[in-house]
Amino acid sequence: MKILLVEDDEGTAEILRTTLIEQHYLVELAMDGRIGLEMAGAFTYDLILLDIMLPKLDGLDFCRQLRDRKDCTPVLLLTALDSNTSKIMGLEAGADDYVVKPFDPYELLARIRALLRRGSSALSSVIEAGKIALDSNSCRVTCDGQLLHLTAKEYALLELLLRNSHRIFSQQALLEHLWSYEEIPSENTLRTHIKALRRKLKQAGADAIETVYGLGYRLKLGEDEVKSQATATTHSPSAAIAPVTTVKQQIAPARVAIWERYKHKYSDRIATLEQAIATLEQGKLTPELGQQARAEAHLLIGSLASFSKTKASQICRQIEQIFRAGVESSLEARHLTQLVVALRQELELPAATKELAERSLATVKQQRRLLIVDNDSQLGEQLISEATIWGIQAELVTDLTAARKAIAQNCPDVVLLDLCFDRSVENGLNLLTELKTNHRHLPVLVLAAQDNFANRIEVARLGGRIFLSKPVFPVSVLTAIDRVLSQSDIVAAKILVVDDDPQTLDILRTVLEPWGFKLALVDNPRHFWDKLERYNPDLLILDVEMPELSGIDLCQVVRSDPQWCELPVLFLSVHTDAATVDRVFAAGADDYINKPILGAQLIARVLNRLERTQTLHKLADTDLLTGIANRRKAIQELNQLLRLAKRQSQPLCFIILDLDRFKLVNDRHGHEVGDRVLRQFGALLQQTFRGEDAIARWGGEEFVVGLYDATRQQAMARLTELQEIVHQQEFTGASGEKFRVSFSGGIAEYPEDGADLPALYRSADAALYVAKAGGRGQVSSWS
């Protein structure tokens, strides 16, 4: 959907652009009414978002001239004028709706969607075509219940085809619908997006785009197979509120950054007010200066309200009203002086405390919550115990009524649902049906005692993510839950950005941080390698052109290093020529984004790239039993810490830990209990040591830890604490008997006990042998 935004205030325009682009709208901006009207005549738009107070041509005349041309494009007026007369004048001029500043982002988006629906019966909130479902309220696309991660252009392309299922679009028509006039995409670019969208749909089980040779592209499904439905208003409160929260979490931090960039311009406007008031007090106020002051006050009303500076906006409204009525006494002049002083004081308060609080709330990762709905209490307790080891908070309810109440009061992150409930007229399918309607994005795993094909089909149709047959081991259930949560979770990854432009770094911080990404920003490419090794990122974003060292140089260095050669690399550039793109991909880039940066497109690309590599990395680097690093990954991390210790002349301790007499645990209590001990020990290691420490299962019951910037004495103190924690852990054997475990440890310190990893391992292993020979349950150091 393409929107023309006509707004002369840069700060307000940027907030509106951010709001709309995050919701996958294509936005073109005009800074005055005359240019906006020319653009409306030259290009086709789905909606015009129009301010009333505009230079050269105001919004009311804009509407009148647009309607005189028989142009029926929906128009939404946006202004600080809130009188009924102003609203009537706007609607009579030809506007379709009216929003008063300050505006709520979600209300604005809701009104935009309503106008778009009004213009076409096909514009419903949800479109379903075969296996594909597109929800324009949440900008989510699913295929056969699986969430698809589409780029902004892929989303727009799919929506256009779904909403016009009867139409064949030529390549030129698609270019005009999906790109702004400022962009100059080629037909090859379009074909690339279509190819990528087709691939994602096919991978999810839908072959939905058809090429009509010589004509263009269309939806493969017939028009009668496409169903549109308005989002139900009778859904649960949580379902209705979710989009509001998402929009506000995205816009709040952007508003903070935009205010910092434009606040000096609003300060200049206040200076105009101060000048007018000073002239007024001298009795020399001219009609022109008075009119200018009134116009500045009016603009500040809406602009400051857009930045959530409500009190400052109210002060400006009082100033405007006094200038509009005409200043006739010295008392009014003094009142104006007091108001401007109060306005200055209000804007000098710490900026955007509320937005920053919301931002912090949005980025804090909470412990994931599992709701178990099963009347098998024994299995439920085992699952709760297993979930604790996985770092998941679990709650058990034994009937469907209690499940509905638990979900309504505090919706969990994932549900494990049994299909069969004794002495109940309902079964789990009833609840699954309700969840598909009211909580369609809540992942549900199903347990079934009767594993038949009919049950599996019904569960799949109702959106169940995973089907598990009873009897089942608790660890198998938690493995499946962890996989589902990993798929649905926003990737909390570390991203290293290298760009010499401070404004670009600021934009990237504004866009990426609210999603939970941890950023390291580097403005000098010569500092890149040191930062790379210190930060250990999950993704790299590089600018193509930088002084001394280009992004292509840095990418080639990364690809030539065995440790970093698989690191995803995303390039940014203002260049779109084929030669630059070829050089970037030849250097080893994974993706390429053009400047200026579009927030929604960047987020989609980053998430897509991270999620592609997440599964492969997890399989390659993680010990599947304990969830910590495996031997291969440990060697990489430990060598990285060693290189850092050498460069910074810092100590490093290498530790080997071995569970004592672990073979007896397996022999006496069974391998399932032994696996539980190993998982619990791995979890305790993660809780005890720092995030920057290297922690891994080396093999069997042997674990290793690498402590950077830690001496032998500090390592010994940490292990003493761990021994006390492990000693308090009580395990239950297969026959119900209780038992505890202990471990022995060996410590080696760099560089005294070895200059490389093999040497440190030999020293730590020798120290471990001393600890075991001394009676086990103790830690020894090589020196």
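Just so you know, residue 1 is the first one in the sequence shown, and it goes up from there.
For the atom pair CD of Gln686 and CD1 of Ile695, the computed distance is 6.0 Å after rounding to the nearest 0.5 Å. For the atom pair CG of Leu379 and CD1 of Ile372, the computed distance is 7.5 Å after rounding to the nearest 0.5 Å. In this structure, Lys470 NZ and Leu419 CG are separated by 9.0 Å, a value rounded to the nearest 0.5 Å. To the nearest 0.5 Å, the span separating OG1 on Thr626 from CD on Gln680 amounts to 12.0 Å. Rounding to the nearest 0.5 Å gives a distance of 8.5 Å between OG1 of Thr622 and NZ of Lys633. In this structure, Glu154 CD and Ile194 CD1 are separated by 10.5 Å, a value rounded to the nearest 0.5 Å.
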Pair Leu134-Tyr155, side chain to side chain contact (heavy atoms under 4.5 Å, CB included): steps then yes or no:
CA-CA 9 Å; Leu134 183 147; Tyr155 175 91; 3.7 Å; yes
(message) Please evaluate residues Thr732 and Lys738 with respect to the criterion side chain to side chain contact (heavy atoms under 4.5 Å, CB included), reporting the C-alpha separation (whole Å), side-chain torsions for both, the decisive distance (0.1 Å), and the verdict.
(response) CA-CA 5 Å; Thr732 303; Lys738 305 293 183 180; 2.9 Å; yes
- Item | Verdict with reasoning, Leu570 to Ile495, per side chain to side chain contact (heavy atoms under 4.5 Å, CB included) | CA-CA 10 Å; Leu570 233 131; Ile495 300 176; over 6 Å; no
- Query: Leu383 and Asp374: side chain to side chain contact (heavy atoms under 4.5 Å, CB included), yes or no, with the steps?
  - Reply: CA-CA 11 Å; Leu383 290 170; Asp374 195 323; 5.8 Å; no
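Put simply, the side chain of Glu386 reaches to within 4.5 Å of the side chain of Arg676, judged on heavy atoms. Counting heavy atoms from C-beta outward, Ile407 and Pro412 have side chains that approach closer than 4.5 Å. In this structure, the side chains of Leu462 and Leu429 come closer than 4.5 Å at one or more pairs of heavy atoms. Using a 4.5 Å heavy-atom cutoff, the side chains of Leu150 and Lys200 are in contact. When side chains are defined from C-beta on, Arg605 counts as touching Thr151, because their heavy atoms get closer than 4.5 Å. In this structure the side chain of Val665 never reaches within 4.5 angstrom of the side chain of Leu659, judged on heavy atoms. Between Phe421 and Val373, the closest side-chain pair of non-hydrogen atoms falls below 4.5 Å. Contact check for Phe517 versus Ile603: side-chain heavy atoms found under the 4.5 Å cut-off.
With sequence neighbours excluded, the residues forming a side chain to side chain contact (heavy atoms under 4.5 Å, CB included) with Ser469 are Asp451, Arg456, Phe467, listed by chain and number. Residues passing the ring-ring contact (aromatic ring centres under 6.0 Å, His included) test with Phe739 are His669, Phe731, sequence neighbours excluded. Listed by chain and residue number, Lys405 satisfy the side chain to side chain contact (heavy atoms under 4.5 Å, CB included) test with Gln409 (two or more places apart in sequence, or in another chain). Asp675 meets the side chain to side chain contact (heavy atoms under 4.5 Å, CB included) test with Leu625, Leu678, Arg679; sequence neighbours excluded. Listed by chain and number, the residues in a ring-ring contact (aromatic ring centres under 6.0 Å, His included) with Phe681 are Phe703, Phe743 (sequence neighbours excluded). Qualifying side chain to side chain contact (heavy atoms under 4.5 Å, CB included) partners for Asp667, counting only residues two or more places apart in sequence or in other chains: Lys663.
A donor-acceptor contact shorter than 3.5 Å links the side chain of Glu737 to the backbone of Ser735. Between the side chain of Asp538 and the main chain of Lys494, a donor-acceptor pair closer than 3.5 Å is present. Under the 3.5 Å distance criterion, the side-chain polar atoms of Arg369 are matched with a main-chain donor or acceptor of Cys411. One N or O on the side chain of Lys131 and one on the backbone of Gly205 form a donor-acceptor pair closer than 3.5 Å. Under a 3.5 Å cut-off, the side chain of Arg198 and the backbone N or O of Ile209 do form a donor-acceptor pair. Put simply, the side chain of Asn455 never gets that close to the backbone of Asn452: no donor and acceptor are under 3.5 Å apart. Between the side chain of Arg740 and the main chain of His727, a donor-acceptor pair closer than 3.5 Å is present.
In this structure, Arg461 places its CZ atom where only 12 or fewer heavy-atom neighbours from other residues, nucleotides or ligands lie under 6.0 Å away. No more than 12 heavy atoms of other residues, nucleotides or ligands lie within 6.0 Å of CZ in Arg668, so this atom counts as exposed by the packing criterion. No more than 12 heavy-atom neighbours from other residues, nucleotides or ligands sit within 6.0 angstrom of CD on Gln378.
The two residues Pro474 and Glu672 have their closest heavy-atom pair at CD-OE2, 4.2 Å. When all heavy atoms of Asn630 and Ala696 are compared, the closest pair comes out as O-CB, 3.8 Å. Heavy atoms only, all atoms of each residue included: Asp418 and Leu447 are closest at OD1-O, 3.0 Å. Nearest heavy atoms, Ala204 versus Leu148: CB-CD2, 3.6 Å. Minimum heavy-atom separation, Asn666 to Gly674: OD1-CA, 3.4 Å. In terms of heavy-atom proximity, Ala387 sits nearest to Leu478 at CA-CD1, 3.7 Å.
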